[in-house]
Structures are given as structure tokens and as C-alpha cells.
Amino acid sequence: MALYRRIPGAIAVITLTNPPVNALSCTVREAIYETVKRATADQEVKAIVLCGANGKFCGGADIKEFSREMRGPPLVPMIDMIEESEKPVVAVIEGVAFGGGLELALGCHYRIAHSGAQVGLTEVTLGLLPAAGGTQRLPRLIGVPAALDIITTGRHVSAQEAVRLGIVDKVTDSSAMEEAIEFAKTVAGEPMGPRRLSLWTAACPEDLDSLLEGALVRIRQRSRGALAPVACVQAVRAAASLPFAQGMKKEQELMAYLFTSGQARAMQYCFFTQRAAARWTTPSGASWENTKARPVRQAAVIGLGTMGKGIAVSLSRAGIPVIAVETEQKRLKAGRKAVNSMLTRESQKRGLAEAHLGSISFTLDLRKLRDTDLVIEAVFEDMALKKQIFSKLSSVCRPDALLCTNTSGLNIDEIASAASRPELVVGTHFFAPAHVMKLLEVVCGPRTSPVAVATAMQLAKRLEKIGVVVGNCSGFVGNRMMRPYTEQAYYLLEEGARPEEVDLVLEEFGFAMGIFRVMDLSGLDVGWRSRKELGLTGPKLPPGTEARSRGGKRYSPLPDILCESGRLGQKTGRGWYLYEKERVATPDPWLQSFLEDYRSRFGIQSRRVGQDEILERCLYSLINEGFRILQEGIAASPEDIDVIYVSGYGWPRHRGGPMFYAWMVGLPKVLDKLEHYHRTHPDIPNLAPSSMLRKLVARGSPPVHQWRALIQQHSSQL
Ligand code: NAI
């Protein structure tokens, strides 16, 4: 609602009240209408101050209302009514003014912000555009280039930047409310015409067309098929070239187009599922609600390699003191240097004072971990080594210290078996670079206790990461689903496709990088090492094994051959591509002729592989594995799988995540295609449709949020 009160000095104060962020729900909009009308009609009132309760102006529209039929007064005429008021309306921006909240403030005649406030037109992050006049008023207020940046990125703008750009009129370190009241008294009675943004003309640079075209090119590259940022540019173009009323009409048309697109639905789904991941539960009845996390006052990281360094930085950035352990002096010194320079860069970027960082000490002595609350092991991916470390930690650390492993796929339970307290062993699977990537898979072994899960999930929150609880199996959720996807890509090359063809299809779908470019970036030796470990190649491979078959199933030795010939990706200047200039991938004629030789050696008839086949075989085999994961209870819900893929694997947000995408495509179609590819390639095991997918199709393909109820909880591995 919106509370109305009159205060001395002939001022009406209207306070938006809808915790937690005063979203513009139907009730709030109704109340704003009523209270503004009351204030404008009240002879005693000379000026109006509009603010939000609990130190927050307004977080924007109420997203929950998007999926229902629109009720109550719409925003546009409400904001117009405020702008048309003859009495000055001053917005008090404390906390946040996002989306519809900022649009509301732009309808006011003045804006006064607290120095800690943030503003932004965030709609684009939900697949929409600011359709309550935001795309029309902001360019008129601050000019086309600055508005274009804010509207197309949805970024949060600090109060300091907002005043510099002219979005707010004044910023104060003291009470924005008091400042606004005093200010309102000084402007009471002045004509408001010049303050109405709808009457302004947007300041346009002379080269408007090339500015907008340039923006479109950059946006298309960055947003990889997302419609909303492109529509935002079109709306800003309208603001720059049309009268206000026509611009508003264009804004509405573009919004209607976006609103009914699957993309807006997918992005809103991502918004809700990301929040839902924090509300974990296990079949034993333990959950985020009934399990208390242990406090983490001091942490330790073992191993300062690629991952350990980033993990140490994340912990320190969250204000947690860290002890970092290495095996030898040289590595310790290198690790210390790298961590310190990462921390310096981080604190400069985020404006963090050193006092806010947790201290980091560096040691070779594991005994220093006597008092730590939580240890994260990030040494080489080697079971024997990890077990040895967990056994040592058991004798060194306090009995209640949580022992975490960053393994990317080893059996958590086997690691836990080496510890004296297997119930306090949990997987914390960070993603590289660990101080940047948002995802944290919290891997729960069969003996992991609820308190260990709760503590790891609480840690994720403190590190500003998205924690998702998953079960224990080889590769957990994310890496396990990547395997069939990668294997399909190899098979497609065997059958006639080229790496650049496969990558192009995947990039056009929306991935930042195609699979072959990803492999070149992370190093082909990563997968090679694990295949050697599994005995799929290298010295452990039984003599006489057929080159293209393992355990009676199809196998592609292509990546092994590349590694054996020293092509490890970017680091060796060649992999699936050639890297003559650092990091620039160019198709390699050598690879082309190598593939031709390979095909003729194994009698494979090369054919033109179509784009649809590339996309379907790669994505549907990944999705099929997702269904198996659900069936086995390794993930609690399809939503969790989608959060993992969107936040950790570059799955395009506007496609919702693999399981949501499968539902959007239509489960019967996915099943049909998998059956077709399985018939044509019976030797590829993971193309056989999972029984979970069949079951969902048989039940009429219910929407994603209903799948959880159909997953047999008794098979849960969580
Ligand atoms: P890395 O090879 O870069 O670093 C491992 C570090 O551990 C080295 O600095 C080594 O000196 C140190 N170390 C080895 N034994 C030790 C001991 N006994 N005590 C203290 N330090 C010791 O490895 P990376 O890539 O950082 O991987 C670490 C773990 O994280 C592995 O389990 C890996 O599977 C996992 N992981 C790796 C990802 C990646 O992208 N690199 C992503 C996610 C997980």
C-alpha cells in the first residue's frame, strides 16, 4: 500500500509500503493513485514527497504478477498523472530504485538520493524492457548514449554516478528524506512544466544512426540471440526520433512482443529458480529451514593451483581469514604472489578497503590448521592423494571442523572414508576462475550430515555464490551432463562435420563458446588425463582393444590422438584450432586432412552433417543425461539442473536452462528425436531416451515445476 500523511510546511508524504522492496503490486499502484489524487486535491498541500518504507524506495514491478492477468491500475497512466501534477513531486531514493521504481521516480519532478542508493532499469535482465516510460524519459533526461548503456545492460548505477549523469538532482550522506522535505518547500508554487520529462527532447549526437548501429552490433555479439537488448535499442531510437506519445506507443508495442516471447518466460524462470536453489531439502527431511549452519570464522585452503588461488581470494573477499597450504616453498611463494595481486585487483575493482578483507597467511605446515572451522582441499585430482590429505586433516583439525573437497568428479564417499568424521565431509565444487564464477555445487555423499550441507550452502551465500545441492556420482550434475554433449561433438567430426561448424551452431544457439573452443581454452590434456585414469586410453588400456569401441560401445579416440601429437589447445598453439595469434582460433587445414585420413582409415563414409542434427544431437544427449540424473535423484529438481547450467556452464539465460528448454521445445519432440538418433546410431549408449523422459511424455508433458512430484524420492541420492 501507500501511506499518506501531511506534515508541517504544507507537505504531503506518500510512503510506499510493501516489504521487502516496496514492489509495485496491484494494491500499491491503487494506493499511489488514491494518495496522489488526495494530495493534489488537498488545498493545504503545496508539495508532495514520495518515498519508500524501510529505507528502500522501490524495487520495481511485482514479478509474481507477470504470470497472472493484469489487475488494478496500469503503471503508465499512473506515472503520467504524477508528472502532470501542478504541485511538485519529489522522489526520495533510498536503497534501491530499480525497474518500475526508477520509472516512477522519473515521473516525479525531482529526485533526491541517499549516497548509498542504487538505481537502474533492470527489465532487460528479465527479457523485457522498461515499459512504463523508462525508455522514453531516461534518454530525454541524460542523453541517448548514457541511457542506451543503462537500458540495454540493466546495470546498477550508484548514487554518485546517477548524480553525475543527471538521473538524480542531489545526493546526500545524511537523511535523503529530510533533504527532500526541505527541498520540496523551496520549489512549492513554481511552475512544473519545465520539469516534465515527457516535454523534453532527447539530446542526440549527430551520428545517432551509427551510434545505434554500433550498439546493435555489440549487443548482438554479447547477448547471443537475446531479443530484449535489441528491442531496448529500438525503443531508445524511438525516444530520440519521435514525439513522446509516439515513442510510448512504440515502447508498448515492443513490450507486447517481448512479453509473449518464450525468452521473457525463460529469464523470469531463471530469476525464480536461482532464488529457489537456496531452499534445499533432502529426503530425510533436513532442509534450509530446520538445519543450522556452523559459523565459519576461519577457513583454510589446501593447494594454491588454478582453483585454490581463486577460492582463497573468494574467502578473503567475504572477510573470512584464510590459511593457505602448499607442498613446497617454490609453489607457496608463487601462490602467495598470485593471490596477493588478485586481491589487490579485486579490492581496487570493488572499492573494498583492506580492512574488509580476511587476512591470508601462507604455510607449508598442515598442523597450522588446528583451529580452522572449515578446510577446502584443492590439490590434484588424484584419489590416493586426496585420501591421504583427508586422513591427515582428521588428526590435525578440530573434530567439528568441516572438511570440503573441490574435486570435479571423484567419489565424495570414498574421500570421506579416509576421514575420521565422514559426516562432516562435503564436496564444494567451485568453477574456474573460482573468484569469478557464481556456481558452487555442494556435493552430498551418503554419509554427509545436514549440518555439513547447511554450512556449505551458507558459505556459498557469504561468498556471493549460488549454491546448489547435488548428489554423489561421477561428475556430479554439471560435468556428468557435459560428457555425452562432448562425445556427440567428437562423433559428429568422425561423421563429416568440422569443429568450426559444430561451434558455430552452438554459438548461434547462445553459448559464449562452442565446445571445441572451450576444450582448446581449458586444455585438451584435462580430459585426456581422466580418460587415462579410467583406462579408456594410455597404458592401462588392455592390449588389442578396438580403436573405436570401449565395452562394446562406440568410442572416439580423436581427442586422444590430438593429445598424443602434442596438440593440447591454446597453450600449445594448436588443438582443435590453430592459434597463430594468441587466443585467436582459426580453422586448421592440418586438422581437416587429419580428419579425412582418419575417416578413410576406419572406413567412415563422410557426409554433410546439417545444423539441426548438430544442435539436436549435442543438446538432446546432454538433456537426456539430465533426465537420468533426475531419475537417479542426483539433482532434487529440474530447476536445480537449470541453475547449474545457466550459472556455471554458459547456457544462455534466455533459453532458461536445459530442462526448461526441453519443455519449451516439447518433450514429445525431444523423445522422438532421441529415438530417431538412437535408431540411426545404436552404438552410442547415451542416445537411448531415459525412462524419466518417457514417463513425463506419457503423463502429458507437465510443466517443469510439476516434475519434482513425479521424481521418485526413494531413489534420491541427496
Ligand atoms: P592445479 O594442478 O592447478 O593445482 C593443484 C595444487 O595443489 C598445486 O599447486 C600443488 O602444488 C598443490 N598440492 C598438491 N599436493 C598438495 C599437498 N599435499 N598439500 C598442499 N598442496 C598440494 O589443480 P587445479 O586445477 O587447481 O585443481 C584442483 C582441484 O580442483 C582438482 O581436484 C580439480 O579436479 C578440481 N577442479 C578443477 C577445475 C579447473 O578448472 N582447473 C574446476 C573445478 C574443480
Side-chain angles (χ1 to χ4, degrees), residues 300-314 322-339 342 361-369 372 375-397 403-412 414-415 418 425-443 460 465 468 470 474-480 482-483 486 513 518-534 568-571 644 647-650:
V301 177
I302 308 186
L304 284 176
T306 310
M307 296 306 289
K309 287 189 284 239
I311 297 171
V313 168
S314 281
V322 186
I323 304 175
V325 189
E326 256 295 344
T327 33
E328 47 173 281
Q329 195 59 43
K330 206 169 125 210
R331 285 181 188 263
L332 187 71
K333 204 170 150 206
R336 181 203 303 259
K337 195 168 163 221
V339 167
M342 280 158 85
S361 57
F362 297 83
T363 180
L364 296 174
D365 186 359
L366 214 58
R367 285 172 305 182
K368 294 264 167 66
L369 308 192
T372 47
V375 182
I376 301 176
E377 164 278 308
V379 303
F380 306 125
E381 187 79 337
D382 176 331
M383 180 57 90
L385 175 64
K386 291 197 193 265
K387 281 171 91 168
Q388 191 194 336
I389 287 178
F390 274 72
S391 158
K392 271 196 206 155
L393 287 172
S394 299
S395 58
V396 168
C397 297
L403 307 182
C404 311
T405 169
N406 188 48
T407 174
S408 42
L410 294 178
N411 187 338
I412 300 290
E414 194 178 338
I415 297 175
V425 174
V426 63
T428 45
H429 183 205
F430 288 78
F431 288 71
H435 61 302
V436 176
M437 293 295 285
K438 285 277 169 208
L439 179 63
L440 183 72
E441 275 186 326
V442 171
V443 192
K465 300 206 180 286
V468 183
V470 299
S474 171
F476 317 130
V477 170
N479 286 349
R480 174 169 160 181
M482 278 304 278
R483 259 180 231 145
T486 316
M513 270 193 209
V518 169
M519 284 191 266
D520 273 357
L521 179 67
S522 42
L524 269 58
D525 49 330
V526 178
W528 191 33
R529 210 174 304 131
S530 98
R531 289 190 300 278
K532 281 195 281 194
E533 192 66 27
L534 294 169
L568 302 183
Q570 282 194 18
K571 60 178 137 185
I644 288 172
S647 53
Y649 289 84

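All ligand and atom numbering here is 1-based and tracks the order in the structure. These figures come from a predicted structure and were not determined experimentally.
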**Student:** Please report the interatomic distance CD(E377) to CD1(I415), rounded to the nearest 0.5 Å.
**Tutor:**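 With rounding to 0.5 Å, CD (E377) is 6.0 Å from CD1 (I415).
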**Student:** Could you go through S408 and M307, starting from their C-alpha distance and side-chain angles, then the distance that decides it, and tell me whether this counts as side-chain contact (heavy atoms from CB on, under 4.5 Å)?
**Tutor:** CA-CA 11 Å; S408 42; M307 296 306 289; over 6 Å; no
**Student:** I'd like to know if F431 contacts ligand 1, where contact means a heavy-atom distance under 4.0 Å to any ligand atom.
**Tutor:**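 No, F431 has no heavy atom closer than 4.0 Å to ligand 1.
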**Student:** Does the residue K386 have a heavy-atom contact with ligand 1, meaning some pair of atoms that are separated by less than 4.0 Å?
**Tutor:**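 In this structure, K386 qualifies as a contact of ligand 1 - some heavy atom is under 4.0 Å.
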**Student:** What part of I389, side chain from CB on, backbone N/CA/C/O, both or neither, has a heavy atom under 4.0 Å from ligand 1?
**Tutor:**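 Side chain only.
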**Student:** Taking all non-hydrogen atoms of both residues into account, name the closest pair between M482 and Y649 and its distance.
**Tutor:**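 Here M482 and Y649 meet closest at CG-CE2, 3.6 Å.
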**Student:** Is it the case that atom NZ in K337 sees more than 12 heavy atoms from other parts of the structure closer than 6.0 Å?
**Tutor:**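 No, because the 6.0 Å sphere around NZ of K337 holds 12 heavy atoms or fewer from other groups.
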**Student:** Purely on distance, is any nitrogen or oxygen of H429 under 3.5 Å from one on ligand 1?
**Tutor:**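 There is no such contact.
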**Student:** Nearest non-hydrogen atom to atom 30 (O) of ligand 1 belongs to which of L385, I376, N406?
**Tutor:**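 Answer by nearest heavy atom: N406.
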**Student:** Relative to atom 36 (N) of ligand 1, which among Q388, E377, E441, M307 owns the nearest non-hydrogen atom?
**Tutor:**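 Of the listed residues, M307 has the closest heavy atom.
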**Student:** If you measure from each non-hydrogen atom of F430 to ligand 1, which part falls under 4.0 Å: side chain, backbone, both or neither?
**Tutor:**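 The backbone, only.
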**Student:** Minimum heavy-atom separation for I311 and A378, please, with both atom names.
**Tutor:**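 In this case the closest contact between I311 and A378 is CD1-CB, 4.3 Å.
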**Student:** Near E533 CD, under 6.0 Å, is it more than 12 heavy atoms from other residues, nucleotides or ligands?
**Tutor:**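 Open.
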**Student:** How far is atom 19 (N) of ligand 1 from its nearest protein heavy atom, and which residue and atom name does that atom have?
**Tutor:**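 Answer for atom 19 (N) of ligand 1: T327 CG2, 3.5 Å.
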**Student:** Counting non-hydrogen protein atoms only, what is the nearest one to atom 22 (C) of ligand 1? Give residue, atom name and distance.
**Tutor:**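 For this ligand atom, the closest protein heavy atom is V379 CG1, 3.4 Å.
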